[in-house]
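Working notes for the structure below.
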Amino acid sequence: MNKKLPPISSKAPVMLHGADYNPEQWLRYPEVLQEDIRLMKLSGSNVMSVGIFSWVSLEPEEGVFQFGWLDNLLDSFEANGIYAFLATPSGSRPAWMSAKYPEVLRVERNRVRNLHGVRHNHCYTSPVYREKTALINSKLAERYAHHPAVIGWHISNEFGGECHCELCQTAFRDWLKVKYDHNLDELNHAWWATFWSHTYTSWEQIESPAPHGETQVHGLNLDWRRFVSERTIDFCQHEIDSVRSYNPELPITTNMHNIDGVDYRELAKILDVISWDAYPDWHYTEDDDDARLAAWTAFHHDMYRTFKHKPYLLMESTPSLTNWQSVSKLKRPGMHKLSSLQAIAHGSDSVQYFQWRKSRGSSEKFHGAVLDHSGHGETRVFRDVAEVGRTLAGLTDVVGTTTPVETAIIFDWDNRWAIKDAQGIRNSGLRYEETVVEHYRGLWELGIPVDVIGSGDELSAYKLVIAPMQYLITEENGKRIEKYVEQGGTFLATYWSGVVGETDLCHLGGFPGPLRRTLGIWAEETEGLHSRDLNGVVMQDGNFLKLTGEYDAHEIAELIHLEGAEALGHYRSDFYAGRPALTLHRLGEGKAYHLATRVKDQGFYVDLYAAIADKAGIRRTLDCELPTGVTAQLRTDGEQEYIFVQNFSGREQTVVLDNQEYTDLETGTAAPEVLNLEVNGLVMLKRKV
Ligand code: GLA
Ligand code: ZN
């Protein structure tokens, strides 16, 4: 049964609300610092992330440390009931270090070493950088690990990127030697290196991918991405090791953001608590329908929660606009509260912003912040932030509650790397992530909670497991899925699945390789379609899911043969009209569905998952109809359930509740039977389990 877990910090057993704060930029403006504390309290803020990018203010010269400003800050936080996530400063370094030790500077793919500048650009292998980082971290830990205001470590900032220096090349070769058991033949086979005579005859010949060198050996590209990810995680572990022992009670996080680089599922394993930075560009589409983006964001929230199956932190979000999206649009009324509470709905125990006060100069001076250059709280943004502060203060009971989940979507880093690197079958737009979210959105529209898992994760807790475009899958994980279905699970796969194994070598003997027996089909051919091409899935009379009519399909179509599966729907047109497009295979106690083409209508995914969820006995958050663009998400302590009904549809909506008894969480009174949701509106409910 789901239950309540302890708060992230026992010092602050409340919903956390706050921002990144860099007072070291304002030391020449003492009045600003005074005013900040007053306004923090007025905005209902109770936590600030401090010290991110502060290295030069802590160590202005090599070996010369100054902590006065940070002492004063943390003491003043303590006196005012404000907590701090204390950052290690390695996300950017002082100029003196780059000048004295050029090896800390990153080397790009073109093998040119960067000059000193910007941030997030150091070599993760450099012994000097590791030594300097460990030193400053241990100084901070020694001084502040037991400070009453400090509730956790914020290690560095948004780890990512890669370095191609000689130190990293050697480390990569050493990593390959371990992986391939010091056997170059094994590596050459795994990378299919005989192709174009790329066979290596010495380890020294191996180089990381380069624009003027190797780019086409997919196995090399994939192993390089794995190596970079492991190296980065190893660097983070090195930072953790430098602070942990000073106070083992202090929880450790690092803020995640860009899924392109590090395998966050692996990084998560060395952290105590997950945190991420969410910057959706709301109101981007012409019709102002934010539902697609809301589902996209919800998917990420669910992924970060699933990493540890416990509450996480929304470490950064913008209180108004960003300065790096193509168009910096303000949040429309309601959207700040709605998008902040969306995080809570999916399992966050915080809403935090980048940043507290807008910088006066440099590259982020126009990025939204709680305090504008006007410097006071009489602004729309400040009022929106204070309203979220008040709302969060009323949600203390929700802290530590968990999400009961019966459905999982598989989203693997190496599958994503491999599928995007492969040449074919639709180079003009394979749309992997969009496809995952298309499936996810079907469940989101129905108010069905979802975990986002890896193909190596335990499956038995779920009634339904969905694997969109599982192009890379190992024999072993294929077997685990087969067993899961045999033992009663429901599984759904799509086109372009079971194509390659761990090193990007194609599975021989027919696709979908290790999933072929589970799905009871053979995919003989798969084609990409031009944007102008349209096909369709026509549902068969009396099909098991009772779906009717037909749905448009486009972009990718797979020609499959039934090997034990039954057809539920078939292609509408082209030379393969009438051949199966949606199938069901009954295997052991379970069921495996296969969708052979990309369906264009979003409504299909809602209909499909409504039918599959009913057959699999999966519970929805609310047992009632939800209008398109409205979702309901759930958290529970095992006795009470907290339900967040969110309207991202861009228009007013009503929801007729099922006939359980609900309390409105904000008013504390009985909820009406019909909920009226404003544009960007949200209603929070409570009911007994
Ligand atoms: C990232 C960084 C912050 C800031 C914001 C701006 O998330 O972590 O330092 O640059 O972006 O959106
Ligand atoms: Zn390097």
Side-chain angles (χ1 to χ4, degrees), residues 18-22 24-25 48-55 85 87-93 98 101-114 118-130 133 154-175 207-208 210 224 227-228 230-232 234-235 238 253-262 275-282 300 304 313-326 328-329 331 352-359 362-370:
D20 279 18
Y21 183 44
N22 291 95
E24 71 275 22
Q25 293 172 20
M48 294 285 143
S49 300
V50 299
I52 309 169
F53 310 125
S54 306
W55 203 333
F85 284 112
T88 64
S90 66
S92 65
R93 71 186 159 274
S98 308
Y101 307 103
E103 72 162 61
V104 304
L105 297 162
R106 196 170 280 185
V107 171
E108 298 294 337
R109 285 199 156 213
N110 60 7
R111 307 305 195 257
V112 175
R113 198 178 286 280
N114 289 337
V118 292
R119 60 174 176 177
H120 298 158
N121 55 5
H122 42 273
C123 170
Y124 290 124
T125 304
S126 157
V128 172
Y129 203 65
R130 286 183 176 227
T133 303
H154 178 299
I155 300 291
S156 200
N157 193 72
E158 295 186 347
F159 280 116
E162 54 189 45
C163 175
H164 298 259
C165 76
E166 273 313 314
L167 294 167
C168 287
Q169 301 292 347
T170 305
F172 180 43
R173 289 175 200 128
D174 290 346
W175 183 89
E207 280 272 347
S208 62
W224 170 251
F227 162 76
V228 169
E230 281 188 28
R231 191 102 287 248
T232 313
D234 182 68
F235 185 87
H238 168 76
T253 190
T254 183
N255 53 334
M256 305 182 180
H257 168 54
N258 184 349
I259 57 165
D260 201 43
V262 182
S275 63
W276 83 288
D277 305 340
Y279 290 99
D281 38 2
W282 300 116
H300 287 84
Y304 290 109
L313 299 161
L314 175 62
M315 186 57 86
E316 288 181 28
S317 59
T318 177
S320 59
L321 40 70
T322 64
N323 72 336
W324 50 264
Q325 283 157 347
S326 56
S328 300
K329 204 162 174 177
K331 290 188 200 170
Q352 288 161 263
Y353 312 114
F354 179 85
Q355 59 176 333
W356 170 255
R357 182 182 278 274
K358 264 184 199 174
S359 308
S362 209
S363 80
E364 289 185 324
K365 62 181 178 294
F366 298 128
H367 192 286
V370 180

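Counting starts at 1 for both ligands and their atoms, following the listed order.
Using the six-membered ring where Trp is involved, His120 and Phe53 have ring planes that are tilted, between 30° and 60° apart. Using cut-offs of 30° and 60° for the angle between ring planes, the Tyr129 and Trp55 rings count as tilted. In this structure, Tyr124 and His122 have perpendicular ring planes: the angle between them is above 60°, well past the 30° mark.
Arg106 approaches Glu162 most closely through the heavy-atom pair CD-O, 3.1 Å.
Using a 4.0 angstrom heavy-atom cutoff, Asn157 counts as in contact with ligand 1. In this structure, His120 has no heavy atom closer than 4.0 Å to ligand 1.
Looking only at heavy atoms of the protein, atom 2 (C) of ligand 1 is closest to Glu316 OE1, 3.4 Å. Of all protein heavy atoms, the one lying nearest to atom 9 (O) of ligand 1 is Arg119 NH1, 2.9 Å.
Proximity annotation for atom 10 (O) of ligand 1: of Glu364, Glu158, Met256, Glu364 comes nearest, heavy atoms only.
Looking only at distances, no side-chain donor or acceptor of Glu108 sits under 3.5 Å from a matching main-chain atom of Asn114. The closest donor-acceptor contact from the side chain of Ser328 to the backbone of Thr322 lies under 3.5 Å.
For ligand 1, the atoms closer than 4.0 angstrom to any heavy atom of Trp324 are 6 (C), 12 (O). Short contacts between ligand 1 and His367, defined as distances under 4.0 Å to a heavy atom of the residue, involve ligand atoms 6 (C), 12 (O). For ligand 1, the atoms lying closer than 4.0 Å to a non-hydrogen atom of Phe354 are 3 (C), 4 (C), 5 (C), 6 (C), 9 (O).
Cys123 contributes SG and Cys163 contributes SG; the angle these two atoms make at the Zn ion (ligand 2) is 110°, rounded to 10°. Here the Zn ion (ligand 2) is the vertex; the SG atom in Cys168 and the SG atom in Cys165 give an angle of 110° (to 10°).
Of all the heavy atoms of Asp277, the ones lying under 4.0 Å from any atom of ligand 1 belong exclusively to the side chain.
Evaluated for a side chain to side chain contact (heavy atoms under 4.5 Å, CB included) with Ile155, the options Thr254, Thr133, Thr253 yield exactly one hit, Thr254.
Val107 is listed as a side-chain neighbour of Arg113, based on a closest heavy-atom distance under 4.5 Å.
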